[in-house]
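One-based numbering, in listed order, for ligands and for the atoms of each.
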Amino acid sequence: MKTILTGIRPTGHLHLGHYFGAVGNWAKLQNEYETFIEIADVQALTDNFNDPDKVRKSVNNLTIDLLSIGIDPNKAHIFIQSLIPEIAELTVFYSNLVTISRLERNPTVKTEIKQKKELFGEQGESITYGFLGYPVSQAADITAFKGNLVPVGDDQLPLLEQCREIVRKFNSIYGETLLEPEAYLSKFPRIKGIDGNEKMGKSLGNAIYLADSDEEVKNKVMSMVTDPEKIKVDDKANPNICMVYYYHKLIGNENLHNICEECKKGQRGCVACKKELLEKLLEFLKPVHEKQEYYSKHPEEVEKILKDGTSIAREKAKETMKEVKKAMKIDYFK
Ligand code: TRP
């Protein structure tokens, strides 16, 4: 059986971008693969080291969100990164195999540095060693569990490529030990925000969260960006630039073809269209909210799930570590 390894940073609640871009896929894949899902608290601390409360709180919220969208703890192992010291050890070993300039050229890291500069200014927050090195730590995450498949959104592809390079380098120096992973993209690997931005993101303020109340979802749907040329109800419009149409598509509205045709012919008003979308979204969110409520009231269950998942993950990482140390000739005192 192939192994899936994926991870997510605990920095807040899950939103629809996470769900449709990657996380929803995990709930399907857990039936076919041995699945490890890492709550990447160490990685979250690389740019939230000054806000430990946020990370701590988000570990719980995120685990609840994952369980609520259908991650089944009897199938998938949800675990906490900082409780697997082998990942930190591997990170140290791999850091010799990566140059600083290669890290600086990583497109995901580059984009994040640019965003930081926009947020804090050139002289603001400077780039830490830990932040620049997080792709190395992510390579350790993946390889510690011999992950073959890594289901992620397309923003993660450069990190995966960097992991593959590290694996090849390691194997060429120390002998075939590590597995080269492959990305597994969902049907929509990047999800647009309600404002039409190419990416839905927390910092962009354009996300619908799985934990949003019905009222919040309503306000967000009603504020979605539509074709700006359409002024009157019976104006013809272009659904391809309309966020409401886009989310009808994501949610899998079976009426999609008609929506598209009516919109183009000027037979569909935006408010009615939004109300239809709202109904579909609330229908989708109802069972998610019920589970969120259940797990929020049963923190001991959430804790047990994390403990059990982490203990299984740790065993697997220990096995890998043995092989790695043998290959590197640092397996002393056998
Ligand atoms: N970098 C990922 C994100 O920002 C989270 C992550 C951590 C991850 N470790 C991973 C993803 C390992 C895939 C595999 O969402």
Side-chain angles (χ1 to χ4, degrees), residues 2-26 29-30 33-48 54-55 58-59 62-63 65-66 71 76-84 86-88 90-91 94 103 106-113 115-116 130-164 166-167 178-186 189-191 199-204 207 309-310 313 316-317 320:
K2 283 197 172 177
T3 300
I4 287 218
L5 178 287
T6 191
I8 186 149
R9 295 179 185 199
T11 55
H13 272 289
L14 287 184
H15 53 60
L16 292 183
H18 294 120
Y19 181 80
F20 290 111
V23 178
N25 226 5
W26 305 350
L29 295 169
Q30 66 184 349
Y33 302 97
E34 164 134 59
T35 301
F36 290 91
I37 301 176
E38 176 182 282
I39 310 284
D41 59 344
V42 178
Q43 191 178 113
L45 285 165
T46 60
D47 54 0
N48 292 279
K54 172 166 120 185
V55 176
S58 299
V59 169
L62 188 59
T63 308
D65 283 353
L66 288 171
I71 300 296
H77 318 299
I78 309 177
F79 68 95
I80 300 178
Q81 183 184 13
S82 63
L83 291 175
I84 315 282
E86 287 75 15
I87 295 177
L90 286 175
T91 305
Y94 296 170
L103 287 168
N106 182 311
T108 307
V109 174
K110 249 171 125 170
T111 311
E112 285 166 342
I113 290 178
Q115 282 167 354
K116 275 181 199 286
F131 173 77
L132 188 64
Y134 94 75
V136 184
S137 141
Q138 187 153 322
D141 295 342
I142 297 169
T143 52
F145 306 94
K146 299 242 166 84
N148 315 75
L149 285 181
V150 186
V152 281
D154 70 354
D155 61 317
Q156 297 293 305
L157 294 180
L159 292 160
L160 210 71
E161 194 44 48
Q162 185 133 38
C163 172
R164 291 160 61 90
I166 291 172
V167 168
L178 304 173
L179 221 67
E180 219 178 300
E182 274 169 51
Y184 191 110
L185 291 181
S186 85
R190 173 172 305 207
I191 306 301
K199 197 179 170 194
M200 182 180 278
K202 190 171 41 166
S203 52
L204 300 165
T310 301
K316 183 107 177 187
T320 306

Check whether the side chains of K2 and N148 place a donor and an acceptor atom closer than 3.5 Å, and report yes or no. no

Compute whether any side-chain donor of one residue and acceptor of the other, for Q43 and E38, lie under 3.5 angstrom apart. no

Could I get the full list of side chain to side chain contact (heavy atoms under 4.5 Å, CB included) partners for V42, not counting sequence neighbours? Q81, S82

Please name all residues satisfying side chain to side chain contact (heavy atoms under 4.5 Å, CB included) with I113, sequence neighbours left out, ordered by chain then number. V109, K117, I127, F131

Sorted by chain and residue number, the salt bridge (charged side-chain N to carboxylate O under 4.0 Å, His left out) partners of D155 (sequence neighbours excluded) come out as K199

For ligand 1, what N or O to protein N or O distances fall under 3.5 Å?
| unit_1 | atom_1 | unit_2 | atom_2 | d |
| --- | --- | --- | --- | --- |
| ligand 1 | 1 (N) | Q43 | OE1 | 2.7 |
| ligand 1 | 1 (N) | Q138 | OE1 | 2.8 |
| ligand 1 | 1 (N) | Q156 | OE1 | 2.9 |
| ligand 1 | 4 (O) | R9 | NE | 3.3 |
| ligand 1 | 9 (N) | D141 | OD2 | 2.7 |

Tell me if the NZ atom of K54 is crowded by more than 12 foreign heavy atoms within 6.0 Å. yes

